[in-house]
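First the proteins, then the strands, lettered A, B, ... as listed; each starts at 1.
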Number of protein chains: 2
Amino acid sequence: MSPRVDEQNQQIRDKRKQQLLAAGAKVFGERGYAGTKVSDIVGEAQLSHGLIYHYFSSKEDIYMELAKTAFTTSYDTIHQAVNSNGSPYERLKAMTEEILAHTRESGYFFLIALQTNTSKTVPEQASAISAEYSAKSLKLLTHLFQQGQKHGEFIKADPSQQALMYTSMLNGVVFTRLTYPSLECFPQVDQILRAFINTSSVKE
Amino acid sequence: MSPRVDEQNQQIRDKRKQQLLAAGAKVFGERGYAGTKVSDIVGEAQLSHGLIYHYFSSKEDIYMELAKTAFTTSYDTIHQAVNSNGSPYERLKAMTEEILAHTRESGYFFLIALQTNTSKTVPEQASAISAEYSAKSLKLLTHLFQQGQKHGEFIKADPSQQALMYTSMLNGVVFTRLTYPSLECFPQVDQILRAFINTSSVKE
DNA sequence: GTCTATAAAAGGATAGAC
DNA sequence: GTCTATCCTTTTATAGAC
């Protein structure tokens with residue numbers, strides 16, 4: 001086997017794997033883990049039924065890979081925003097816009113992360129990773145709310161509760177937008193933030 | 001067969017059906033339609049596998065009955081709150097508290113309604129009913145936001161968009177609370193409403 | 001009315017040809 | 001590397017005894 005052929009084969013393998021992951025993201029995101037059949041994934045990818053088992057060992061395996069991607073990218077987005085420059089309010093606003101923009105392109109990963117967080121039907125291993133990243137993300141957000149309150153920009157309230165409230169509300173609106181993608185101008189970032197900031201201290 | 005026995009049998013039938021519906025609400029709410037097995041329902045109800053088919057014609061049938069209950073009670077709650085006395089803000093606040101209290105007792109029905117709204121794996125008929133009630137509920141809310149804006153209590157913005165935003169945020173926080181039931185003091189109603197009201201016009 | 005046993009169907013995973 | 005055919009487990013649904 002010449003190196004030339006090896007390289008071509010590797011390219012094919014990479015392409016197929018990406019194809020299956022993209023198809024998996026779509027159908028898992030739309031239908032959930034339990035509601036997704038292997039035949040749904042390969043049907044979406046336009047590949048034969050058996051081929052998926054040359055690239056993944058099981059339905060669980062491909063889900064795990066997608067869930068990991070979902071959590072790491074989500075965490076990175078938050079981490080980057082929290083540690084950037086600007087006042088707490090500016091960072092929270094930038095982060096919110098970033099998340100909304102991000103879920104506009106790769107909404108299926110948002111849905112997979114949400115499912116993995118909350119559904120009892122996903123693989124056990126996925127739930128474990130979910131819990132780990134959720135806790136880490138919540139800590140970053142809590143710290144940001146602490147800073148914002150000290151800074152006077154945010155309303156006074158238990159920071160970790162504020163972080164949870166922020167996450168919950170954002171989940172709700174993103175979820176709605178992904179369910180009704182036709183709503184172009186939904187949601188308004190300022191309105192979400194309004195629940196957390198001192199209207200007197202921040203120019204609206 | 002004496003009337004006495006007829007009556008007793010009817011009582012047993014009613015009791016069993018309720019047992020199965022309660023068990024179904026729990027497991028469908030927790031695991032979704034696709035993730036729920038008939039054996040999960042009868043296991044939860046502590047009844048034999050075959051018995052469920054004496055009370056419901058299929059897994060789909062029992063789900064439909066639960067979904068209908070979920071939507072009608074949700075709609076009634078909104079309808080009642082919107083048409084009660086008080087200023088728009090007072091009605092919105094009372095409704096929010098009512099919904100939170102309601103989902104505290106019968107959270108599984110909230111989860112079933114949410115799933116039915118958004119999942120592509122629920123019975124087709126359930127999606128149809130869901131769409132119908134969602135539209136009706138949104139109209140009621142939109143009207144309330146129109147009144148609140150005219151009244152000066154609410155911030156100015158497209159009322160139907162405000163209604164959708166309110167629903168989305170509330171879904172998000174209720175969902176979080178049902179996922180982490182330990183959070184006793186979550187969420188704060190005033191903070192949710194803060195996103196929609198003029199802080200100057202309403203005493204906080 | 002309730003249960004156990006069984007049929008029927010669906011879905012995940014593998015084998016082997018090309 | 002890819003496909004079709006097949007296996008086998010799981011799950012829905014029914015039948016018939018008690």
Side-chain angles (χ1 to χ4, degrees), chain A residues 1-24 27-28 30-66 120-126, chain B residues 1-24 27-28 30-66 120-126:
Chain A
M1 204 75 85
S2 73
R4 187 76 191 90
V5 172
D6 267 9
E7 191 188 318
Q8 284 184 331
N9 279 346
Q10 189 57 43
Q11 281 185 358
I12 292 176
R13 285 189 61 81
D14 290 347
K15 184 180 169 188
R16 288 283 172 268
K17 189 163 184 180
Q18 279 315 318
Q19 231 176 314
L20 287 165
L21 284 171
V27 293
F28 277 129
E30 286 182 345
R31 310 180 60 85
Y33 182 74
T36 296
K37 295 170 274 194
V38 171
S39 61
D40 292 332
I41 304 174
V42 294
E44 177 69 30
Q46 306 222 50
L47 294 171
S48 74
H49 194 147
L51 194 60
I52 193 173
Y53 291 98
H54 276 69
Y55 292 93
F56 301 92
S57 64
S58 63
K59 174 180 160 182
E60 187 170 326
D61 184 29
I62 186 170
Y63 187 83
M64 284 304 303
E65 190 147 336
L66 290 165
K120 298 194 174 182
T121 62
V122 298
E124 208 175 331
Q125 209 187 341
Chain B
M1 205 73 88
S2 73
R4 187 78 192 90
V5 171
D6 267 9
E7 192 187 319
Q8 283 183 334
N9 279 345
Q10 188 56 43
Q11 281 185 357
I12 292 177
R13 286 190 61 81
D14 289 348
K15 184 181 168 186
R16 288 282 173 270
K17 188 162 185 181
Q18 278 313 117
Q19 231 177 316
L20 287 165
L21 284 170
V27 293
F28 277 128
E30 285 180 347
R31 310 180 61 85
Y33 181 75
T36 296
K37 294 170 275 194
V38 171
S39 60
D40 292 331
I41 304 174
V42 293
E44 176 70 29
Q46 306 223 50
L47 293 171
S48 73
H49 195 148
L51 195 61
I52 194 173
Y53 291 98
H54 276 69
Y55 292 93
F56 301 94
S57 64
S58 63
K59 174 181 160 183
E60 187 170 326
D61 184 27
I62 186 170
Y63 187 83
M64 284 305 302
E65 191 148 335
L66 290 165
K120 297 195 174 183
T121 62
V122 299
E124 206 176 334
Q125 208 187 342

Colleague: Can you name the side-chain hydrogen bond (donor to acceptor under 3.5 Å, both in side chains) partners of A/R31, sequence neighbours left out?
Modeller: none

Colleague: Heavy atoms under 4.0 Å, any strand shown: does A/L51 hit a base, just sugar-phosphate, or nothing?
Modeller: base

Colleague: Expressed as a whole number of angstroms, how long is the span from A/I52:CD1 to C/dT14:P?
Modeller: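 Answer to the nearest Å: 12 Å.
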
Colleague: Check each residue of residues 32-47 of chain A for a non-hydrogen atom within less than 4.0 Å of any atom in DNA chain C, then write out the ones that pass by number, or none.
Modeller: A/T36, A/K37, A/V38

Colleague: Would you check if B/Y55 and B/I62 make a side-chain contact, meaning some heavy-atom pair closer than 4.5 Å?
Modeller: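 The answer is no, as the side chains (C-beta and beyond) never meet within the 4.5 Å cut-off.
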
Colleague: Taking any atom closer than 4.0 angstrom to a non-hydrogen atom of chain B, what span of DNA chain D does the protein reach, first nucleotide to last?
Modeller: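 That gives a stretch of D/dT11 to D/dT14.
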
Colleague: Nearest-nucleotide wise, let me know which of B/K59 and B/H54 is further upstream toward the 5' end of DNA chain D.
Modeller: B/K59

Colleague: Just to verify, what does A/Q10 make a side-chain hydrogen bond (donor to acceptor under 3.5 Å, both in side chains) with, not counting sequence neighbours?
Modeller: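 So A/Q10 forms a side-chain hydrogen bond (donor to acceptor under 3.5 Å, both in side chains) with A/D14.
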
Colleague: Would you say the side chain of B/K15 lies within less than 4.5 Å of the side chain of B/Q18, judging by non-hydrogen atoms?
Modeller: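 No - every pair of side-chain heavy atoms lies 4.5 Å or more apart.
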
Colleague: Checking all strands, does A/Y55 fall into the base, sugar-phosphate, or nothing category for heavy-atom contacts under 4.0 angstrom?
Modeller: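 Sugar-phosphate only.
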
Colleague: Assign the ring pair B/F28 / B/Y33 to parallel, tilted or perpendicular, where the plane angle (0 to 90°) is split at 30° and 60°.
Modeller: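 Plane angle under 30°, so parallel.
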
Colleague: Excluding sequence neighbours, so at least two apart, what forms salt bridge (Lys or Arg N to Asp or Glu O under 4.0 Å) with B/E65?
Modeller: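 Testing B/E65 for salt bridge (Lys or Arg N to Asp or Glu O under 4.0 Å), a comparison that skips the adjacent residues, returns B/K17.
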
Colleague: Please compare B/Q10 and A/S57 by the position of their nearest nucleotide in DNA chain C and report the one closer to 5'.
Modeller: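 The 5'-side residue here is B/Q10.
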
Colleague: State the CG-OH distance between B/L21 and B/Y63, to the nearest 0.5 angstrom.
Modeller: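 These two atoms lie 13.5 Å from each other.
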
Colleague: Salt bridge (Lys or Arg N to Asp or Glu O under 4.0 Å) with B/E30: which residues, sequence neighbours excluded?
Modeller: A/K120, B/K26

